[in-house]
Asker: 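Below: one structure in structure tokens.
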Amino acid sequence: MTPVRTRFAPSPTGYLHIGGARTALYCWLYAHKTQGKFILRIEDTDMERSTQESIQAILDAMDWLGLGYEEGPFYQTKRFARYAEVIEQLLHEGKAYRCYCSKERLEQLRIEQMAKKEKPRYDGHCRNATIVQTGTYVVRFNNPTQGIVEFDDLIRGRLVFANTELDDLIIARSDGTPTYNFCVVVDDWDMQITHVIRGDDHINNTPRQINILRALGANLPCYAHLPMILGSDGKRLSKRHGAVSVMQYRDEGYLPEALLNYLARLGWSHGDQEIFSLDELIQLFEIHDINRSAAAFNPEKLLWVNQHYLKTSDPEYIANILAWHMRQLGVDIRQGPSLTEIVLAQRERVKTLQEMAERSSYFYQDIEYTSEMGVHFTAELKPVLAKLYNKLEDLLDWTKESIHQAVASVAEESGLKLGKLAQPVRIAATGGTVSPPLDVTLFLLGRERTLNRLHRAIR
RNA sequence: GCUCCCUUCGUCUAGUGGUUAGGACAUCGCCCUCUCACGGCGGUAACACGGGUUCGACCCCCGUAGGGAGCGCCA
């Protein structure tokens with residue numbers, strides 16, 4: 001059996017988005033599962049829209065996701081000589097021809113066909129031309145005019161198309177550059193791709209590509225067409241739905257393993273299992289188990305998956321990434337508790353690392369005192385806070401246990417329920433009403449910061 | 001308009017002719033509790049519709065409706 005070779009072939013006209021990432025993941029998984037090769041190919045034949053920044057953005061995103069490739073990245077713009085060679089061959093063999101039709105004629109044709117409620121397609125005008133024409137021309141592929149093209153899609157089953165539905169597509173533009181459908185075919189052929197896994201927006205391109213592959217005498221790869229990913233409103237995914245760029249998820253504090261896990265599960269499943277390590281995915285992934293229908297992207301569930309990984313991953317690993325987010329926020333973490341401790345204290349109460357960073361800044365930098373905070377420190381409470389201040393100041397050991405003991409005993413001595421004391425202290429210590437358990441919070445804050453802030457509240 | 005694809009709780013999905021239609025997220029309630037969470041327990045909630053086939057259809061077939069994609073000298 002020939003070794004499996006899959007490829008991910010984005011066009012560099014923007015960042016890597018969620019849908020592309022999932023396609024890449026599935027290609028990657030299948031290659032790894034079968035001990036095959038995963039190839040990255042940049043489809044940059046559209047010189048107008050392709051940019052170097054986009055290429056870099058895609059590479060960066062693949063890197064962040066950890067989707068490494070065994071071969072590539074290959075660039076189509078570097079393979080023009082090869083395409084020209086194949087086009088020449090096709091022309092020579094009469095499997096392609098020069099078409100001198102003007103864009104105006106083509107446009108007119110399209111309008112007429114639409115008016116007749118027909119599917120617009122090239123009428124083969126130059127295919128049958130007997131006289132020698134001159135001027136600018138494009139090269140069209142001689143598509144079969146009858147019969148059918150059929151293939152077994154690994155996800156949808158047998159798909160059948162009538163050749164009469166297809167037309168003689170352009171494979172080389174008037175400036176000589178090759179077009180997408182042609183490059184894909186030559187590349188997949190040259191790179192010996194065995195499994196073409198791509199979005200189902202390519203289903204309609206497949207019969208055309210198969211016809212070219214046949215004209216070239218190439219073996220056909222297996223095809224698997226993935227359903228689309230929809231926005232949370234069921235409409236097509238777009239900027240309106242918030243983050244669609246993979247790197248934006250990094251910026252917002254998601255872990256790559258969480259995004260990957262969520263994406264894997266969006267459109268694919270293995271029974272009722274929700275959480276998969278990468279190794280498990282490699283082991284359990286089957287193209288056959290991919291769903292046929294489009295799936296809506298659900299940000300809430302991604303959040304849940306992300307928190308799951310926040311809670312279960314190695315705290316030091318998480319702390320490393322948290323450091324990056326702290327830096328993004330401009331928080332200097334040199335003075336304060338270790339980030340690993342912060343992770344341990346916060347991971348059960350936040351869903352993203354960005355949120356964790358935002359909610360942990362008071363451990364490292366001064367808090368703002370607002371008048372709203374003041375109302376919590378009533379005249380009756382201030383003596384109690386003072387008592388706590390003294391107790392904490394006299395504590396022999398600054399531990400969670402001793403701190404808890406101090407707070408509890410002061411509350412009891414003052415006839416207050418723990419909450420009645422804890423909450424004002426929390427506000428005094430953190431500037432807000434939400435934090436990890438008070439003993440943990442004060443412990444991490446350290447004696448000096450705690451006493452300073454308590455003092456400020458009593459004043 | 002034409003061609004192709006899709007259709008199970010709000011969302012992601014399990015299901016492959018006989019199930020009280022299962023799980024997860026979200027949501028609601030209760031418990032835990034110094035806040036927020038986490039966790040535990042429980043609840044609401046789905047087979048788009050209409051015909052067949054069959055003793056029996058979520059499951060098979062055919063329509064209808066709805067959604068999506070393609071029909072470029074874009075990819």
Side-chain angles (χ1 to χ4, degrees), chain A residues 9-13 43-46 48-50 76 99 101 103 106-107 110 113-121 136-140 153 155-156 159-162 164-167 169-181 183-184 199-208 225 227-228 230 232 234-236 262 265-275 289 291-305 307 311 346-351 359 404 407-408 411 416-427 430 432-439 441:
Chain A
S11 60
T13 53
E43 309 218 322
D44 54 355
T45 52
D46 183 355
E48 300 272 302
R49 300 195 303 151
S50 298
Q76 292 188 321
C99 168
C101 293
K103 288 185 181 179
L106 262 21
E107 185 54 32
R110 203 181 333 258
Q113 288 167 328
M114 292 288 267
K116 281 191 281 184
K117 303 188 183 216
E118 283 171 11
K119 181 175 179 172
R121 36 157 118 60
T136 57
Y137 62 88
V138 298
V139 178
R140 287 184 185 272
D153 190 277
I155 295 173
R156 321 205 176 230
L159 262 24
V160 183
F161 296 82
T164 49
E165 290 300 327
L166 277 24
D167 64 358
L169 72 155
I170 292 172
I171 57 178
R173 304 182 180 96
S174 48
D175 65 0
T177 59
T179 60
Y180 167 76
N181 276 110
C183 296
V184 167
D200 69 4
D201 46 335
H202 289 291
I203 285 182
N204 290 293
N205 286 327
T206 308
R208 299 172 188 285
H225 287 99
M228 308 248 88
L230 274 25
S232 42
K235 298 258 170 55
R236 200 178 175 170
Y262 176 73
R265 198 59 191 56
L266 193 62
W268 171 86
S269 63
H270 182 72
D272 285 338
Q273 191 170 342
E274 298 285 351
I275 300 298
D289 291 327
N291 222 62
R292 276 192 290 274
S293 52
F297 187 83
N298 185 336
E300 281 79 33
K301 188 153 183 179
L302 205 213
L303 242 15
W304 174 79
V305 175
Q307 188 184 32
K311 286 188 299 187
Q346 296 281 44
R347 63 183 183 178
E348 284 179 349
R349 57 202 88 237
V350 299
K351 302 213 184 275
R359 292 225 221 153
H404 179 79
V407 177
L416 290 175
K417 293 188 77 171
L418 188 55
K420 292 290 177 195
L421 175 59
Q423 201 55 1
V425 173
R426 169 171 283 114
I427 291 166
T430 70
T433 57
V434 175
S435 86
L438 193 61
D439 49 359
T441 302

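Every chain is numbered from 1 and lettered A, B, ... according to where its sequence line falls, protein lines coming before strand lines.
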Asker: Between the protein and nucleotides 39-44 of chain B, which nitrogen or oxygen pairs are less than 3.5 angstrom apart?
Answerer:
from   : atom 1 : to      : atom 2 : distance (Å)
G39(B) : OP1    : K311(A) : NZ     : 3.0

Asker: First locate atom CG of N291(A), then atom CD1 of I155(A), and finally report the distance between them rounded to the nearest 0.5 Å.
Answerer: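 Rounded to the nearest 0.5 Å, the CG-CD1 separation comes to 9.5 Å.
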Asker: Using the C1' atom on both, measure G22(B) against C30(B) and round to a whole Å.
Answerer: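 It works out to 24 Å between them.
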Asker: Give none if G42(B) has no partner; otherwise give the nucleotide forming a Watson-Crick or G-U wobble pair with it, both distances under 3.5 Å.
Answerer: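 Here G42(B) is engaged in a pair, and the nucleotide opposite it is C28(B).
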Asker: Check every strand shown and say whether D44(A) touches a base, only sugar-phosphate, or nothing at a heavy-atom separation below 4.0 Å.
Answerer: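 Since no nucleic acid heavy atom lies under 4.0 Å of D44(A), the category is nothing.
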Asker: Partner lookup for A21(B), please. Criteria are Watson-Crick or G-U wobble with both distances under 3.5 angstrom; report none if nothing qualifies.
Answerer: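 By the stated definition (distances under 3.5 Å), nothing pairs with A21(B).
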Asker: Is R110(A) touching bases, backbone alone, or none of the nucleic acid, heavy atoms closer than 4.0 Å?
Answerer: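 It contacts sugar-phosphate atoms only.
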Asker: So what's C47(B) paired with, Watson-Crick or G-U wobble, going by both distances under 3.5 Å?
Answerer: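 Answer to the pairing question: none, since C47(B) forms no Watson-Crick or G-U pair.
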Asker: Rounded to the nearest Å, what distance is computed from the CZ atom of residue R359(A) to the C1' atom of nucleotide U35(B)?
Answerer: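 From R359(A) CZ to U35(B) C1': 10 Å.
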Asker: Under the side chain to side chain contact (heavy atoms under 4.5 Å, CB included) test, which residues partner D175(A), sequence neighbours left out?
Answerer: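 Scan of D175(A) (side chain to side chain contact (heavy atoms under 4.5 Å, CB included), adjacent residues dropped) gives R173(A), T177(A).
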Asker: Please determine, by modelled atom types, if S174(A) and T136(A) share a side-chain donor-acceptor pair under 3.5 angstrom.
Answerer: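 There is no such pair between these side chains.
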Asker: Could you tell me how far C2(B) sits from C59(B) if I compare only their P atoms? Round to whole Å.
Answerer: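 Between the two P atoms, the distance is 28 Å.
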Asker: Sequence neighbours excluded and cut-off under 3.5 Å, please list the side-chain donor-acceptor pairs for residues 416-425 of chain A, or say none.
Answerer:
from    : atom 1 : to      : atom 2 : distance (Å)
Q423(A) : OE1    : R426(A) : NH1    : 2.8
Q423(A) : NE2    : T433(A) : O      : 3.0

Asker: Would you mind pulling out the nucleotide paired to U35(B), Watson-Crick or G-U wobble, both distances under 3.5 Å?
Answerer: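 No nucleotide pairs with U35(B).
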Asker: Report the base-pairing partner of G66(B) (Watson-Crick or G-U wobble, both distances below 3.5 angstrom), or none.
Answerer: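 Paired with C6(B).
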Asker: Which nucleotide in the list C71(B), C73(B), G23(B) gets nearest to the side chain of E274(A)?
Answerer: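 Looking only at heavy atoms from C-beta outward on E274(A), the closest nucleotide is G23(B).
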Asker: Calculate, to the nearest 0.5 Å, the distance between atoms CZ and CD belonging to R265(A) and Q273(A) respectively.
Answerer: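 So the CZ of R265(A) and the CD of Q273(A) are separated by 9.0 Å.
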Asker: Of all the nucleotides listed (G22(B), A75(B), C73(B)), which has the minimum atom distance to the side chain of D272(A)?
Answerer: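 Of G22(B), A75(B), C73(B), G22(B) is nearest to the side chain of D272(A).
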Asker: Within the structure shown, what part of the strands sits under 4.0 Å from H202(A) by heavy-atom distance: base, sugar-phosphate, or nothing?
Answerer: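 It contacts base atoms.
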Asker: Determine: side-chain N/O of R265(A) to OP1/OP2 of A24(B), distance under 4.0 Å, yes or no.
Answerer: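 Checking A24(B) against R265(A), no side-chain N or O comes under 4.0 Å of OP1 or OP2.
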Asker: Report the base-pairing partner of C71(B) (Watson-Crick or G-U wobble, both distances below 3.5 angstrom), or none.
Answerer: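 With both distances under 3.5 Å, C71(B) matches G1(B).
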Asker: By side chain to side chain contact (heavy atoms under 4.5 Å, CB included), which residues pair with N204(A), not counting sequence neighbours?
Answerer: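 Applying side chain to side chain contact (heavy atoms under 4.5 Å, CB included) to N204(A) gives F161(A).
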Asker: Excluding sequence neighbours, so at least two apart, what forms ring-ring contact (aromatic ring centres under 6.0 Å, His included) with Y137(A)?
Answerer: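 So Y137(A) forms a ring-ring contact (aromatic ring centres under 6.0 Å, His included) with Y100(A).
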Asker: From the set C38(B), G1(B), U35(B), return the single nucleotide nearest to any side-chain atom of K351(A).
Answerer: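 Given the options C38(B), G1(B), U35(B), the side chain of K351(A) is closest to C38(B).
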Asker: Classify the side chain of D201(A) versus the base of G70(B) as yes if they form a donor-acceptor pair under 3.5 Å and no if they do not.
Answerer: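 Per atom types, no contact qualifies.
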Asker: Under 4.0 Å between a side-chain N or O of K119(A) and OP1 or OP2 of G72(B)?
Answerer: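 It does not, given that no N or O in the side chain of K119(A) lies less than 4.0 Å from OP1 or OP2 of G72(B).
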Asker: Once you apply a heavy-atom cut-off of 4.0 Å, does L418(A) come out as touching a base, just sugar-phosphate, or nothing?
Answerer: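 L418(A): base contact, heavy atoms under 4.0 Å.
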Asker: Rounding to an integer number of angstrom, what distance separates U7(B) and G15(B) when you compare their C1' atoms?
Answerer: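 Per the computed distance, 16 Å lies between those C1' atoms.
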Asker: May I ask which nucleotide in the shown strands pairs with C60(B), Watson-Crick or G-U wobble, both distances under 3.5 Å?
Answerer: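 Base-paired to G52(B).
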Asker: Drop me the distance from N298(A)'s CG to S232(A)'s OG, to the nearest 0.5 angstrom.
Answerer: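 If I round to the nearest 0.5 Å, the distance is 7.5 Å.
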Asker: Distance check needed: C71(B) P versus R121(A) CZ, whole Å only.
Answerer: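 Atom CZ in R121(A) sits about 14 Å away from atom P in C71(B).
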Asker: Answer with base, sugar-phosphate or nothing: what part of the nucleic acid does E118(A) contact at a heavy-atom distance below 4.0 Å?
Answerer: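 E118(A): base contact, heavy atoms under 4.0 Å.
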Asker: Sugar-phosphate atoms are those with a prime plus P, OP1 and OP2; base atoms are the rest. Using that split, label each nucleotide of nucleotides 4-11 of chain B B, S or - for protein heavy atoms under 4.0 Å, 5' to 3'.
Answerer: SSSS--BB
Asker: G40(B) and C55(B): how far apart are their C1' atoms, nearest whole angstrom?
Answerer: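 The answer is 46 Å between these two C1' atoms.
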Asker: Using a 4.0 Å heavy-atom cut-off, does P436(A) contact any base of the nucleic acid, only the sugar-phosphate backbone, or nothing at all?
Answerer: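 Base: the residue P436(A), judged by heavy atoms under 4.0 Å, touches a nucleobase.
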Asker: Measuring only the C1' atom in each nucleotide, how far is C58(B) from U13(B)? A whole number of Å is fine.
Answerer: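 Rounded to whole Å, the distance is 14 Å.
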Asker: Pick the P atom in G10(B) and in C34(B), then give their distance to the nearest Å.
Answerer: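 Between the two P atoms, the distance is 38 Å.
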Asker: List for me each residue that meets side chain to side chain donor-acceptor pair (under 3.5 Å) alongside D167(A), sequence neighbours excluded, and say none if there are none.
Answerer: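 R208(A).
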Asker: Which part of the nucleic acid, if any, lies within contact of T45(A), taking any heavy atom under 4.0 Å across all strands shown: a base, the sugar-phosphate backbone alone, or nothing?
Answerer: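 Here T45(A) touches the backbone only, sparing every base.
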Asker: Looking at SG of C101(A) and CD1 of I170(A), how far apart are the two atoms once the value is rounded to the nearest 0.5 Å?
Answerer: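 C101(A) atom SG to I170(A) atom CD1 measures 9.0 Å (nearest 0.5 Å).
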Asker: Want to settle it: does R347(A) or P10(A) sit nearer the 5' end of RNA chain B, counting the closest nucleotide to each?
Answerer: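 Mapping each residue to its closest nucleotide by heavy atoms, the 5'-most match is R347(A).
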Asker: Please identify each residue that fulfils ring-ring contact (aromatic ring centres under 6.0 Å, His included) with H404(A), with sequence neighbours left out.
Answerer: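 H404(A) satisfies ring-ring contact (aromatic ring centres under 6.0 Å, His included) with no other residue.
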Asker: To the side chain of Q423(A), which of G68(B), C34(B), G1(B) is closest?
Answerer: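 Nearest nucleotide to the side chain: C34(B).
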Asker: Who pairs with R359(A) by side chain to side chain contact (heavy atoms under 4.5 Å, CB included), at least two apart in sequence or on another chain?
Answerer: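 Side chain to side chain contact (heavy atoms under 4.5 Å, CB included) list for R359(A), sorted by chain: Q346(A), V350(A), E355(A), V434(A).
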Asker: Give S269(A) one of three labels, base, sugar-phosphate or nothing, depending on what nucleic acid heavy atoms sit under 4.0 Å from its own.
Answerer: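 Sugar-phosphate, no base atom in range.
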Asker: Provide the distance between the two P atoms, one in G1(B) and one in C38(B), to the nearest whole Å.
Answerer: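 Going atom to atom, P in each nucleotide, I get 49 Å.
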Asker: Both distances under 3.5 Å, Watson-Crick or G-U wobble: report the partner of A14(B), or none.
Answerer: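 WC or wobble partner does not exist here.
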Asker: For G199(A), answer base if it contacts any base atom (sugar-phosphate contacts may also be present), sugar-phosphate if it contacts only those atoms, and nothing otherwise; contact means non-hydrogen atoms under 4.0 Å.
Answerer: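 Answer is nothing: G199(A) stays at 4.0 Å or more from every strand.
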Asker: CG of D200(A) to CZ of R292(A): how many Å apart, nearest 0.5 Å?
Answerer: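 Separation between the atoms: 12.5 Å.
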Asker: Map K116(A) and A422(A) onto RNA chain B by nearest heavy atom, then report which one ends up closer to the 5' terminus.
Answerer: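 The residue mapped nearer the 5' terminus is K116(A).
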Asker: Hey, does E43(A) reach any base, or is it just sugar-phosphate, or nothing, if we go heavy atoms under 4.0 Å?
Answerer: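 The residue E43(A) makes sugar-phosphate contact but no base contact.
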Asker: Considering only heavy atoms and no angle criterion, is a donor-acceptor pair shorter than 3.5 Å present between the side chain of Q113(A) and the base of G1(B)?
Answerer: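 Result: no qualifying N/O pair found.
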Asker: Can you tell me how far P in U3(B) sits from the matching atom in U64(B), rounded to whole Å?
Answerer: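 Between the two P atoms, the distance is 12 Å.
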Asker: Which listed nucleotide (C73(B), C25(B), G23(B)) is nearest to the side chain of E300(A)?
Answerer: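 Nearest listed nucleotide: C25(B).
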Asker: Go through G1(B), C36(B), A75(B) for me and flag the one nearest to the K117(A) side chain.
Answerer: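 Of G1(B), C36(B), A75(B), G1(B) is nearest to the side chain of K117(A).
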Asker: Could you work out which one of C34(B), U3(B), G68(B) sits closest to the side chain of E165(A)?
Answerer: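 When the side chain of E165(A) is considered, U3(B) is the closest of C34(B), U3(B), G68(B).
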Asker: With rounding to the nearest 0.5 Å, note down the distance linking NE2 in H225(A) to OG1 in T206(A).
Answerer: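 Atom-to-atom, H225(A):NE2 and T206(A):OG1 are 3.0 Å apart.
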Asker: Please evaluate the base of C73(B) for a donor-acceptor partner in the side chain of T179(A) within a cut-off of under 3.5 Å?
Answerer: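 Result: no qualifying N/O pair found.
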